[in-house]
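The structure appears right after this line, and notes come after that.
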Amino acid sequence: MSGKYSIKDLEIISNDIREDIIKMLFEAGSGHSAGPLGLADIFTALYFDILKHDPTKPDWNERDILLLSNGHCVPVRYATMAHAGYFERKELMTLRKLGSRLQGHPERQRLPGLENTSGPLGCGLSQAAGMSLAMRMDKQTHRWIYVVLGDGEQDEGNVWEAAMLCSKYKLSNIIAITDRNNIQIDGPTESVMPLENLKDKWEAFGWHVIEINGNDIEAVIDACSMARAIREKPTMIIAHTIPGKGVDFMENDYRWHGMPPGLMDVAGDPPKAEQAKVALKELRTLGGKIKSEAHD
Amino acid sequence: MTDLHLLPISKNVVLEPIRKGFGRGLVGAGTINSNVVAACADLTESTQISLFKEKFPDRYIEIGVAEQNLVTVGSGLAAMGKIPFVSSYAAFSPGRNWEQIRTTICLNNVPVKIVGSHAGVSVGPDGATHQMLEDIALMRVLPNMVVIAPCDSIEAEKATIAMALDERPNYLRLAREATPIFTSKKTPFKIGQAQVFHEGIDVTIVSTGTMTYEALVAAEELKKHAISAEVVHMATIKPFDDKTLLKSVKKTNSVVIVEEGQINGGLGGAVAEFLGENYPIPMTRIGMRDSFGESGKVEELNDKFGLNAKQIVMSAIYIKDKKGASNAINTKTN
């Protein structure tokens, strides 16, 4: 799909995806806000530029694989998939409801196009390793496996077990992206369980590490392009993102990690009845920088 | 009764660890199907996955001492169409990595074959840390999971080949010690099918794993006490073959269950749950009763915890008497 959209186009798509995230979380009445908003630029870059995929053939055996390890951020994946044409956007409003294909945490068997079932943290990289080893056995080394991990998730030992294995077997078709947004449920990552120096850690485990601004779509595309050129080791892209990106009262506030707009009053933020409305207005006006277009 | 081609119970019985059968079976499965692959957590010789590793080095992955990674890598392999057999000691896998098995294998519903070796107190001198007694319970409660505990190395070989053809997540329970070979190549094996290894009318003995041999020895001994015991071997604990069990207990109206593991949640739990709900009859369970094992010789441990034919005989006599007493009460009430 590479090159079909300009960076400007992608930024508009990303913002539309953020609006859908706010709407679907508000409708669902539960779910995570900050991570999905912060990841919208990365998911837009992946689905609209980086990944080799076909929304009409989710099981295409030449597709690239995208694993979401931190399953709680799945609203951004659902919203991006809908925009990419995997299903109708109106289905987004079924998120977390009985009978929905859009489960609160992703289930591979429910929705074509999902590659793994996740929620409990720390497993995505191991699954990527298994997939990569299977591809190597089948001489399918031209396929790429992208894995999105959270930063708080890296408290899990399973992540580092996988890090060693990927390095041992030189699984260079794995490109991992850490959503380095510095928050987790109980607070800033560095106070819950310090991760720094994260770059040094991954390098010590034998990975090629690239650090980028994860809210810069062009930087995401460039980093993945560079990662594909590294053939002797797996690559970790540490993508610094702003949690709650695009909604001023959510940005960089860990209290919005695991909460939807409209659920409860948060000190200093708009009242709960106004949260979704204010969030959508901010997204439409890019934080008041541009005039809002008249659409619902 | 169809001929099950069992070997006679005798003092000259040949012994072999059931894990050896798994090792041979995996090579067989790998030869038939090139999608069969294997991974191990630093215990290739012990789990006998070494045979596969030697034959198919390109289809073998060494994970290191990392059991959480072992099964999640398995999940990834299976998602790409492979049939991964992942082995370690049962105490570590599924002992340590239950949640990864639950989410990335069972809920994800991919055909990963988890092989837990060295289960039971028969690890002997290694002691309680390595004597896995809770694996059947842990695996049995998981939706989609199939649980198999073969009775000897010949059955383990057949089970392994059957598992490679099964599209569900599977757990295979193996033991370390050399135990009697008493089935033969011709003895039927099918996942989900219990087998009546010895016919009788007075009491049903339900057993799994290597305890089935002890059950057969007990059935012979019980003849001396004028008790005709029926031995139902449940190699597959889940899915549970309620039909075969029900047919047997409707005849005998009493049951002894025997396993080398915790009776809470184990085979004893499975049978008690089913019969309690559908056909309540006098029942007694042999196995670990909410305790850990300890270091010792295998015979000493089996004796201490009652995991042998002697205990089965005593339990069968007890339960037959209990049945008699309960029949008497029923007759009186009626």
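In what follows, every chain begins at residue 1, and chains take the letters A, B, ... in the order their sequences are listed.
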- request: Step through the shown structure and confirm whether more than 12 heavy atoms of other residues, nucleotides or ligands are within 6.0 Å of CE on A:Met226.
  value: no
message: Heavy-atom pairs under 4.5 Å with chain B - which of A:Ala128, A:Gly122, A:Pro120 has more of them than the others?
response: A:Pro120
Taking atom types as modelled, which donor-acceptor pairs link chain B and chain A at under 3.5 angstrom?
{"from": "B:Glu62", "atom 1": "N", "to": "A:Tyr169", "atom 2": "OH", "distance (Å)": "2.9"}
{"from": "B:Glu62", "atom 1": "O", "to": "A:Lys168", "atom 2": "NZ", "distance (Å)": "2.9"}
{"from": "B:Gln68", "atom 1": "NE2", "to": "A:Glu161", "atom 2": "OE2", "distance (Å)": "3.4"}
{"from": "B:Asn69", "atom 1": "N", "to": "A:Glu161", "atom 2": "OE1", "distance (Å)": "2.8"}
{"from": "B:Asn69", "atom 1": "OD1", "to": "A:Ser126", "atom 2": "OG", "distance (Å)": "2.5"}
{"from": "B:Asn69", "atom 1": "ND2", "to": "A:Glu161", "atom 2": "O", "distance (Å)": "3.3"}
{"from": "B:Thr72", "atom 1": "OG1", "to": "A:Ser126", "atom 2": "OG", "distance (Å)": "3.2"}
{"from": "B:Ser75", "atom 1": "OG", "to": "A:Gln127", "atom 2": "NE2", "distance (Å)": "3.0"}
{"from": "B:Lys82", "atom 1": "NZ", "to": "A:Asp138", "atom 2": "OD1", "distance (Å)": "2.6"}
{"from": "B:Lys82", "atom 1": "NZ", "to": "A:Asp138", "atom 2": "OD2", "distance (Å)": "3.4"}
{"from": "B:Gln100", "atom 1": "NE2", "to": "A:Asn158", "atom 2": "OD1", "distance (Å)": "2.8"}
{"from": "B:Asn108", "atom 1": "O", "to": "A:Arg108", "atom 2": "NH2", "distance (Å)": "2.7"}
{"from": "B:Asn108", "atom 1": "OD1", "to": "A:Arg108", "atom 2": "NE", "distance (Å)": "2.9"}
{"from": "B:Asn108", "atom 1": "OD1", "to": "A:Thr117", "atom 2": "OG1", "distance (Å)": "3.0"}

query: Any idea which of B:Ala66, B:Gly74, B:Ala78, B:Pro84 has the most non-hydrogen atom pairs under 4.5 angstrom with chain A?
result: B:Ala66
message: For A:Met135, which atoms come within 4.5 Å of any heavy atom of chain B: side chain, backbone, both, or neither?
response: side chain
- request: Using non-hydrogen atoms and a 4.5 Å limit, figure out which bit of A:Leu125 sits close to chain B: side chain, backbone, both or neither.
  value: neither
- request: Give the minimum heavy-atom separation between A:Ala129 and B:Val73, together with the two atoms involved.
  value: CB-CG2, 4.2 Å
